[in-house]
Amino acid sequence: MIIVLQAGSTDAEVTDVCNRITAMGYRPHTIRGELRTVIGAIGDDRDKDDLRTLESLECVESVKPILQPFKLASREVRPSPTVVVVGGAAEGEPSQTNPNEPVRNSGTRIAASRSPVEVGGTRIVIMAGPCSVESRSQVLEVAQKVKAAGATVLRGGAFKPRTSPYAFQGLEEEGLKLLAEARRETGLPVVTEVMEPDKVEVVAAHADILQVGARNVQNFSLLRRVAECGKPVLLKRGMATSIQEFLLSAEYILTGGNPHVILCERGIRTFETSTRFTLDLNAVPVMKRLSHLPVMVDPSHGTGYWEYVEPMARAAIACGADGLLIEVHPRPAEALSDGPQSLKPDRFATLMTGLRRLAEALDRTI
Ligand code: PEP
Ligand code: MN
């Protein structure tokens, strides 16, 4: 249920309503809007009509049911869009993310300065980098190049979910350290995948955004763990997950106490075999209508072929995506994973030039 307070309600009134909600066995979730405060009462809906008694309080305007099964992810609870703030550390600041990293220059880290990146605002966010972190030189080269082309977040997998157990599984913790080094060199915050609950701590120590991949979208123990860690989470839609199921997965993270969730459409399985997956761009306006969470699109996995990445990247921006996740490799033919869908850095730079013009036409920036 949503408890809508009268405009101008005081902090004491908000606290009083929250206490009453708690006493009735629900969890209050307060959202302060510009005009008024609403409080979501989250919990088992069976006796939810009890909450209607709150309507008798003077500070309560109305008590309404939340119609969608996903509650905190729903626009009903929060009509204004959520902006997820990522990264941001000043030059020379001691790392807060990994106290175990070796410290250079008597306790001061040499780091490119970082300003926070906002996902879900007017600026379109481009996250780019290799599918897998393969070596120090590869990740540093690609990080410099995607940064020069205008990307604001570096992607790269250290733990890789591979279909075959014989395929390259990623550099694991060594890969995380290389990503952290690339962040120090470029100032770009880092997004990387976490596959197991037990690894959340180590990944969170190195990454600015934890990616939960398509294959783990309904790994509920992983969702609960990333909720506890509090860092921004890039949640990818599963290849056979409906939008409702996807938003319910996001709900696990939100209700676990982590509001920093970014949704990512990355293609679903259909009967079509000309592309690796079918990029479901319908999902962008649908999810933006149903949810306040930012929505990104991954045209690399969504198509599986570098030739289609550029047109589908443009289409994603045109239909309202808040950002793109794009695979870039200095030598795609030698890539240890997803070479066929990876752009070379110069093509990525050309793509960015075209996207800037498109963004301008849409009254947005990149
Ligand atoms: C990836 O981003 O490299 C990846 C494995 O993505 P997905 O989970 O969407 O397949
Ligand atoms: Mn990949």
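Counting from 1, the numbers follow the sequence of the chain as shown. Order of listing sets the numbers, starting from 1, for every ligand and every atom in it. All of these numbers come straight from a predicted model, not from anything done at the bench.
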Exercise for the section: Check whether any N or O atom of E193, backbone or side chain, sits under 3.5 Å from an N or O atom of ligand 1, and answer yes or no. Expected result: no
Handout entry: R215: numbered ligand 1 atoms lying under 4.0 Å from its heavy atoms
Key = 7 (P), 8 (O), 10 (O)
Exercise for the section: Report yes if some N/O of D298 lies less than 3.5 Å from some N/O of ligand 1; otherwise report no. Expected result: no
Exercise for the section: Enumerate the atoms of ligand 1 whose separation from the nearest heavy atom of C131 is less than 4.0 angstrom. Expected result: 3 (O)
Handout entry: Atom indices of ligand 1, in the order listed, that fall short of 4.0 Å to a heavy atom of A214
Key = 7 (P), 8 (O), 9 (O)
Exercise for the section: Hey, could you give me the OG1/CZ distance between T82 and R75, rounded to the nearest 0.5 Å? Expected result: 8.5 Å
Handout entry: Step-by-step side-chain hydrogen bond (donor to acceptor under 3.5 Å, both in side chains) determination, S9 to T37
Key = CA-CA 8 Å; S9 298; T37 298; over 6 Å; no
Practice task
Considering just N/O/S atoms, say which atom of E327 is closest to the Mn ion (ligand 2).
Solution key: OE2
Problem - Nearest-neighbour protein heavy atom for atom 4 (C) of ligand 1, which is reported as residue plus atom name and distance - result: H301 NE2, 3.4 Å
Practice task
Could you list the atoms of ligand 1 found under 4.0 angstrom from a heavy atom of E327?
Solution key: 3 (O)
Exercise for the section: Using a strict cut-off of less than 4.0 Å between a Lys/Arg side-chain nitrogen and an Asp/Glu carboxylate oxygen, indicate whether K71 and E251 qualify as a salt bridge. Expected result: no
Handout entry: Interatomic distance, L293 atom CG to D322 atom CG [nearest 0.5 angstrom]
Key = 10.0 Å
Fill in the blank from the handout: A student checking ligand 1 against G213 at a 4.0 Å heavy-atom cut-off should list atoms 8 (O)
Practice task
Salt-bridge test for K177 and E181: reply yes if a basic N is under 4.0 Å from a carboxylate O, no otherwise.
Solution key: no
Practice task
Report the C-alpha separation of S274 and E272 in whole Å, then their side-chain angles, then the decisive distance to 0.1 Å, and conclude whether the side-chain hydrogen bond (donor to acceptor under 3.5 Å, both in side chains) test is met.
Solution key: CA-CA 6 Å; S274 310; E272 184 52 68; 2.6 Å; yes
Practice task
Could you check atom 6 (O) of ligand 1 against the protein and tell me its nearest heavy-atom contact, residue, atom and distance included?
Solution key: K236 NZ, 2.9 Å
Problem - Any N/O pair R266/ligand 1 closer than 3.5 Å - result: yes
Practice task
With the Mn ion (ligand 2) at the centre, find the angle made by NE2 from H301 and SG from C131, to 10°.
Solution key: 170°
Exercise for the section: Would you check whether R155 reaches within less than 4.0 Å of ligand 1, judged by its heavy atoms? Expected result: yes
Exercise for the section: Work out whether the distance between some heavy atom of M239 and some atom of ligand 1 is less than 4.0 Å. Expected result: no
Handout entry: G157 near ligand 1 by a heavy-atom separation under 4.0 Å
Key = no
